[in-house]
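The sequence lines fix the lettering, A, B, ..., with proteins before strands; numbering per chain opens at 1.
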Number of protein chains: 4
Amino acid sequence: MDIGTRRDSGKHTAILQAAIQVISQAGYHNAQISRIAREAGVADGTVYLYFKNKEDLLLSILRKAIGEVVLQLEQALPTEKTAEWKLRRIVEIYFQDLSRDPALAMVTQVHLRQVDAELRRQVGDIMKPFYNLLDGVIDQGVREGVVDGAISHRIARRMIFGTMDETVTAWVLTGSKYNLPALAPEIVRVLLYGISRRDDVKEEVTL
Amino acid sequence: MDIGTRRDSGKHTAILQAAIQVISQAGYHNAQISRIAREAGVADGTVYLYFKNKEDLLLSILRKAIGEVVLQLEQALPTEKTAEWKLRRIVEIYFQDLSRDPALAMVTQVHLRQVDAELRRQVGDIMKPFYNLLDGVIDQGVREGVVDGAISHRIARRMIFGTMDETVTAWVLTGSKYNLPALAPEIVRVLLYGISRRDDVKEEVTL
Amino acid sequence: MDIGTRRDSGKHTAILQAAIQVISQAGYHNAQISRIAREAGVADGTVYLYFKNKEDLLLSILRKAIGEVVLQLEQALPTEKTAEWKLRRIVEIYFQDLSRDPALAMVTQVHLRQVDAELRRQVGDIMKPFYNLLDGVIDQGVREGVVDGAISHRIARRMIFGTMDETVTAWVLTGSKYNLPALAPEIVRVLLYGISRRDDVKEEVTL
Amino acid sequence: MDIGTRRDSGKHTAILQAAIQVISQAGYHNAQISRIAREAGVADGTVYLYFKNKEDLLLSILRKAIGEVVLQLEQALPTEKTAEWKLRRIVEIYFQDLSRDPALAMVTQVHLRQVDAELRRQVGDIMKPFYNLLDGVIDQGVREGVVDGAISHRIARRMIFGTMDETVTAWVLTGSKYNLPALAPEIVRVLLYGISRRDDVKEEVTL
DNA sequence: GATGAATGAGTGTTCATTCAT
DNA sequence: AATGAATGAACACTCATTCAT
């Protein structure tokens, strides 16, 4: 069922888009294949020509979303020299990409969690490249001397991802009303320096 | 946990415990009422004498878990004077409580997210008291001058909760093998000061 | 379970009345024993001290209703001399009794039909005495020369009962708003002479 | 009966026939969809491709039965000139149609009554056309001078329908053993002239 | 007699998936 | 490739009835 890179007559994309719309509105368990098919303008059976099953459809959405973020990051990060500025770009691009398609964000942030153990493992695989990028930046930060080498990489990564994740989820659940990317600078500030007051700031975080 | 309350000849508690076990293993959508009932040693119908429906059973688990954390925090926090130490106690107690019952943690961290919009609202209501405690500590921190008043309360709270949540979820999904509470000091350190290197540290974070 | 004639502390009657009320409103299949018990002010189990099961409860209602009608007819009919006047009394008393307790009428006319084959046989047994009364009057009518002996007794009886039944059911289903006994004279007229015009009437039907 | 229409490869008809058979034997509340499906040779789910739900299946049976009677009456009645002969045709055709399919008669006469209030309203709607036909004939009878204009139309209609209904129900409950249409002439006689003896008969009712 | 907590059998309906065309 | 009619497994919840107290 690996259709490959050719997207045929656009049906692959149409079904994926329809799935994002339907799932974002109704949730994974209430998103019937028949409704997704109708929305995409194809027959029920056609969905199974492009996706192995409903679960695969959900994972494909995540792959697409994370794939795009990673792709953009791979292009943008080399531009930045310091780890600090790379982290800044990560948060910005992550927020920008997700805020560009609220329905997609709703699916990845909320409905994707509504799945069972087996699926969760695959979600981890898909997130890998993104986690690796984060780890790379933390590494560089330590080498540069701006990130505390004593902090566990795992903990650092989880704080960064956990904070971004919680922020996007809150944004999505409150209706995607405010400007998400605008929060990036303040987020980066707490990631770098925590919530503590800093009188000794020389070069303040600006954007 | 709530030992001795034993209302209704212990059936209420038995069903709740059985639900935690079954849901933690199979997930909410795969946890049949009949299986929970069997595990609890009661008839299917008996479940409905103690809980309104399956959803109510799930919410009761969260209520129990969060209720206990909040209860302990309300007793412990007044003991601590500074906001910093209060934050420290929050992370410690949160980690300790959840690590005491990995199955319960699995349910609240993973399976509880597998629910639809209507339920999500109720989850928010249950979490309210915990969020309020966090806000209170942040407030105090600002007044004490240790927390940066320029940082949005919302963002601060989301970083704190997002980081703890991500940490517990990762612990639970990797099999609850390592000592979760032992991570508390390092977590508090990144919450307070971020990931940045701090040469200017006068009084380092210790425990 | 034959409690006999003694009605103990009135619980037998209380449960029967409660059943009439609950079934008339909710229908047989929606009338839970627990609700009938609550309405009667007794425990669920107590219902089974006075009635074999739910079905028996329903039959008891019919027995009570038909029993009262038959009792009254057995007292009133001997008073009337001619078959014509006896028929008149039958319709009058049948209508009067049912209109006295609309809830009871609702149960016997509507909800009692919502039962299965086995029960239906028993309903027939209960109706027997009433049918016998009808047959007796028809017999007498033939002997008196006012009823056409050529008409099958069965057909005559079904016309009489079918017409009364349809009339009462219509009355009950439209909310028991109008005066049912007031229809008796006209009903008797069509039972005796059909719907045809009668120019040759010597002694018209009056009341 | 509607032979040749055969829509949907006959599955619609097959399910309807299976439902008539199963319900006539077991009653509405004991007729499981799975049993009807098996009897029709289709999967359970297939029933729901042709009928909205179990209730809709029951109403479809009545619609089919009454629809056929009304159709035949609409063709036959214009043939008859007088109201008397039209009434005769109504009884004949009603009896003939129902006696042609005893299982169908069992469902409409007995099991259809086993339903709740909401359904009952819809039953009324379906019966409307038949009631209207009866009213039309009574009207004509009054105009012709053979029906007593002083008799309430409602009462006349209820006597006619109540008598037919009671007759068919009795026939069906006793095993559909005797010839139902053969009773038509005698039934018409009691509808027209009641049970009274008629010495003054000039042109007696014959068939 | 009276209670009411506990039982557990019973079923309409949905929907992901298949496959003959 | 595309269709969509057909499939059938799966399950939360109700409620008449029982029985230990």
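Using a 4.5 Å heavy-atom threshold, the side chains of L57(C) and I36(C) count as touching.
Computed from coordinates, the E55(B) CD to dC11(F) P distance equals 18 Å when rounded to whole Å. Distance I33(B) CD1 to dA9(E) P: 17 Å, rounded to the nearest Å. Rounded to whole Å, the distance from CZ on R38(C) to C1' on dC15(F) is 13 Å. To the nearest angstrom, P of dA5(F) lies 16 Å from OH of Y48(A). K11(D) has its NZ atom 10 Å from the C1' atom of dT7(F), to the nearest Å. Remark: C1' of dC15(F) and NE2 of H29(C) are 13 Å apart, rounded to the nearest angstrom. dG12(E) atom P lies 16 Å from atom NZ of K52(D), rounded to whole Å. Look at CZ on F51(D): it is 13 Å from P on dA6(F), rounded to the nearest Å.
Of all nucleotides listed (dA6(F), dA16(F), dG8(E)), dA16(F) comes nearest to the side chain of K54(C). For L49(A), whose side chain is taken as the heavy atoms from C-beta onward, the closest listed nucleotide among dT11(E), dT3(F), dA5(F) is dT3(F).
Counting all heavy atoms, side chain and backbone alike, M106(B) lies closest to S24(B) at CG-O, 3.5 Å.
Take the nearest nucleotide of DNA chain F for D44(D) and for N53(B): the residue whose nucleotide is more 5' is D44(D). Nucleotides of DNA chain E nearest to A43(B) and N30(D) differ in position, and the one nearer the 5' end is that of A43(B). Between V42(A) and S34(B), the residue anchored closer to the 5' end of DNA chain F is V42(A), taking for each the nucleotide with the nearest heavy atom. Mapping G45(A) and G45(B) onto DNA chain E by nearest heavy atom places G45(B) at the nucleotide closer to the 5' end.
Across all strands shown, nothing is found opposite dA1(F) as a Watson-Crick or G-U wobble partner with both distances under 3.5 Å. Of the nucleotides present, dA16(F) is the one that pairs with dT7(E) by Watson-Crick or G-U wobble criteria, both distances under 3.5 Å.
Rounded to the nearest 0.5 angstrom, H111(B) NE2 and H29(B) NE2 are separated by 11.0 Å.
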Intermediate values then yes/no, salt bridge (charged side-chain N to carboxylate O under 4.0 Å, His left out), E68(B) and K64(B): CA-CA 6 Å; E68(B) 277 168 20; K64(B) 176 186 150 78; 3.7 Å; yes
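Cation-pi geometry between K54(B) and Y48(B) is not met at under 6.0 angstrom from the ring centre and within 45 degrees of the axis.
For T46(B), no side-chain nitrogen or oxygen approaches OP1 or OP2 of dA6(E) to under 4.0 Å.
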